[in-house]
**Q** 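Before I ask anything, here is the structure I am working with.
In what follows, chains are A, B, ... by sequence order, proteins preceding strands, each numbered from 1.
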Protein chains: 2
Amino acid sequence: MSLDRRSGCPINLSLEVFGDRWSLIILRDMIFGGRRHFRELLNGSMEGIASNILADRLKRLLELGMLTKADDPSHKQKAIYSLTEMAITLVPILAHLGAWGRVWLPVSEELSIRAELLEKGGPPLWDKFMDELRHEHLGMPLDTPADATVRATLQAAYEAVVKRRAPGESTAA
Amino acid sequence: MSLDRRSGCPINLSLEVFGDRWSLIILRDMIFGGRRHFRELLNGSMEGIASNILADRLKRLLELGMLTKADDPSHKQKAIYSLTEMAITLVPILAHLGAWGRVWLPVSEELSIRAELLEKGGPPLWDKFMDELRHEHLGMPLDTPADATVRATLQAAYEAVVKRRAPGESTAA
DNA sequence: GCAACCGCTTGCGAAATGCAATCGGTATGA
DNA sequence: TCATACCGATTGCATTTCGCAAGCGGTTGC
């Protein structure tokens, strides 16, 4: 995973940033899953990322300016990863990607409810979500503090589908 | 490049489709460059795709249902590749990707003019473009036949930038 | 007849990936 | 105090993929 600079085309350069199978998965888990630590990303990843790949991609995303890294005051060995504005502005792309996948690919119902809500919410919801992410990761003040965050709303919808489909059973989030 | 089905998440499945460094480049060249033949894609690719990779990706995109392949009546050995609806609906994603790359990555001026116009045109322009692609690749009637196609407009803008930046010189399109 | 072109394949070295085990250090609880 | 679990990685190794160059049998135009 090097940075080729094969051409100055915006689409090509974007692909060189996250044109691989893991970078966007990591960002997805940070954005929608609220994960901030190495172990959270490692164990929480639905697709089962390997630890060396995760370490490599985090380093790469740091170098690219998509993430920042800071010490966790609660634990000397813990590191907290934060999204930068560069990464936060991927939300519309992730929304489109999810919407497209929902139409054309064999998505599972419980995992696509988030994409469905995000698509229905449209740009206003994306803006609200990005505002929340800026607050969470960059320490910026919230434009309009809401009672229920976008992430919590999406998560609740996901859990409702899981519960409906498998009543009485418990499933990992 | 296999099809893992690592999870039913829409974003993950989308990544399994074009989460590599070449698939979207090929589709970009077909959509914005109007390329339909193997050699056009091979020699016209700004990033210099290798012929075996191109062959592999075309096969993959065929299997995924993003492309179809037909004989070219003008030449017994020529094949014409066409976009399917599945691929045409990537236009908004490509537009977003280009817009994001233009903000955050070291794009070249001449190669980003298309992305700029596509972003400024917004969804109405994307719809018009997709309509033209449906006409071109699927044989559907045009909703509102226009004098200048979106692709020609983008191409003209690109060439104007090239001409302005290097007056008197000639550059490959 | 012959060079240029057609889509595509082959061979091969280099690089990336996936997997499991492990590292040295840190918090936790008995 | 001491075992245990956890922390962010790193290492070794087998497998897969990539990138490059050359070449394939066949078609076309001059």
Side-chain angles (χ1 to χ4, degrees), chain A residues 1-7 12 15-27 29-30 33 35-64 66-82, chain B residues 1-7 12 15-26 29-30 33 35-64 67-82:
Chain A
M1 294 273 351
S2 58
L3 295 104
D4 303 23
R5 295 287 158 76
R6 301 181 296 188
S7 86
N12 172 59
L15 278 180
E16 294 189 9
V17 168
F18 38 73
D20 76 281
R21 275 163 128 72
W22 290 113
S23 299
L24 263 193
I25 293 288
I26 294 170
L27 292 168
D29 284 349
M30 290 189 68
R35 308 195 209 286
R36 308 289 296 264
H37 302 290
F38 189 94
R39 289 279 163 170
E40 284 178 334
L41 288 162
L42 185 65
N43 301 326
S45 157
M46 216 152 17
E47 289 83 12
I49 190 170
S51 60
N52 54 347
I53 305 288
L54 175 59
D56 177 78
R57 291 304 188 277
L58 286 173
K59 190 175 139 204
R60 212 178 104 89
L61 291 171
L62 284 169
E63 287 167 359
L64 287 166
M66 307 267 287
L67 300 178
T68 57
K69 184 180 177 180
D71 290 338
D72 185 333
S74 79
H75 190 305
K76 284 186 182 171
Q77 273 185 313
K78 262 187 176 170
I80 301 184
Y81 291 93
S82 299
Chain B
M1 295 276 350
S2 58
L3 295 104
D4 303 23
R5 292 287 157 77
R6 301 181 297 189
S7 86
N12 173 59
L15 278 181
E16 294 190 8
V17 169
F18 38 73
D20 76 281
R21 277 167 129 68
W22 290 113
S23 300
L24 264 193
I25 293 288
I26 294 170
D29 284 349
M30 290 188 68
R35 308 195 210 286
R36 309 288 296 265
H37 301 289
F38 190 95
R39 290 278 164 170
E40 282 177 334
L41 289 162
L42 185 65
N43 301 325
S45 157
M46 216 152 17
E47 289 83 11
I49 191 170
S51 60
N52 54 345
I53 305 288
L54 175 58
D56 177 78
R57 291 303 187 279
L58 286 174
K59 189 175 141 206
R60 212 179 104 91
L61 291 171
L62 283 170
E63 287 167 0
L64 286 164
L67 301 178
T68 57
K69 184 180 175 179
D71 291 338
D72 185 334
S74 80
H75 190 304
K76 283 187 183 171
Q77 275 185 313
K78 263 188 176 171
I80 301 183
Y81 291 93
S82 298

**Q** Identify, with sequence neighbours excluded, every residue that meets side-chain hydrogen bond (donor to acceptor under 3.5 Å, both in side chains) alongside B:Asn52.
**A** none

**Q** Checking A:Ser82 now: which residues fulfil side-chain contact (heavy atoms from CB on, under 4.5 Å) with it, not counting sequence neighbours?
**A** A:Arg36, A:Thr68, A:Ile80, A:His137

**Q** Can you figure out which of C:dC8, C:dC19, D:dC18 approaches the side chain of B:Ile53 most closely?
**A** D:dC18

**Q** Atom CG of A:Asp71 and atom P of D:dC7: how far apart are they, to the nearest Å?
**A** 15 Å

**Q** Could you tell me whether the side chain of B:Leu62 reaches within less than 4.5 Å of the side chain of B:Tyr81, counting heavy atoms only?
**A** yes

**Q** Take atom CD of A:Glu47 and atom P of C:dG18, then tell me their distance rounded to the nearest Å.
**A** 12 Å

**Q** Do A:Leu58 and A:Lys69 have side chains that get closer than 4.5 Å, going by heavy atoms?
**A** no

**Q** What does nucleotides 21-30 of chain D look like as a protein-contact string, B for base, S for sugar-phosphate only, - for none, at under 4.0 angstrom between heavy atoms?
**A** -B--BBSS--

**Q** Expressed as a whole number of angstroms, how long is the span from A:Lys78:NZ to C:dG25:C1'?
**A** 15 Å

**Q** Quick one: A:Asn43 CG to D:dA5 P, roughly how many Å, whole number?
**A** 15 Å

**Q** To the side chain of B:Phe38, which of D:dT10, C:dG7, D:dC20 is closest?
**A** C:dG7

**Q** Which comes earlier along DNA chain D counting from the 5' end, the contact point of A:Glu40 or that of B:Gly48, where each point is its nearest nucleotide?
**A** A:Glu40

**Q** Once you round it to whole Å, what is the distance between P of D:dG19 and CD1 of B:Ile25?
**A** 11 Å

**Q** Side-chain contact, heavy-atom cut-off 4.5 Å: B:Asp29 with B:Ser45?
**A** yes

**Q** Compare all side-chain heavy atoms of B:Met46 with those of A:Asn12 and state whether any distance is below 4.5 angstrom.
**A** no

**Q** Do the side-chain N or O atoms of B:Trp22 get closer than 4.0 angstrom to the phosphate oxygens (OP1, OP2) of D:dG19?
**A** yes

**Q** Mind checking if B:Lys69 touches a base, just sugar-phosphate, or nothing, with heavy atoms under 4.0 Å?
**A** sugar-phosphate

**Q** Side-chain contact, heavy-atom cut-off 4.5 Å: A:Arg57 with A:Ile25?
**A** no

**Q** Rounded to the nearest angstrom, tell me the gap between atom NZ in B:Lys59 and atom P in C:dG7.
**A** 18 Å

**Q** Quick one: A:Asp20 CG to C:dA15 C1', roughly how many Å, whole number?
**A** 14 Å

**Q** Between B:His37 and B:Arg6, name the one whose nearest nucleotide on DNA chain C is closer to the 5' end.
**A** B:His37

**Q** What is the distance, rounded to the nearest whole Å, between atom CG of A:Leu54 and atom P of C:dA16?
**A** 18 Å

**Q** Looking only at side-chain N and O atoms, does B:Arg57 come under 4.0 Å of OP1 or OP2 in C:dC8?
**A** no

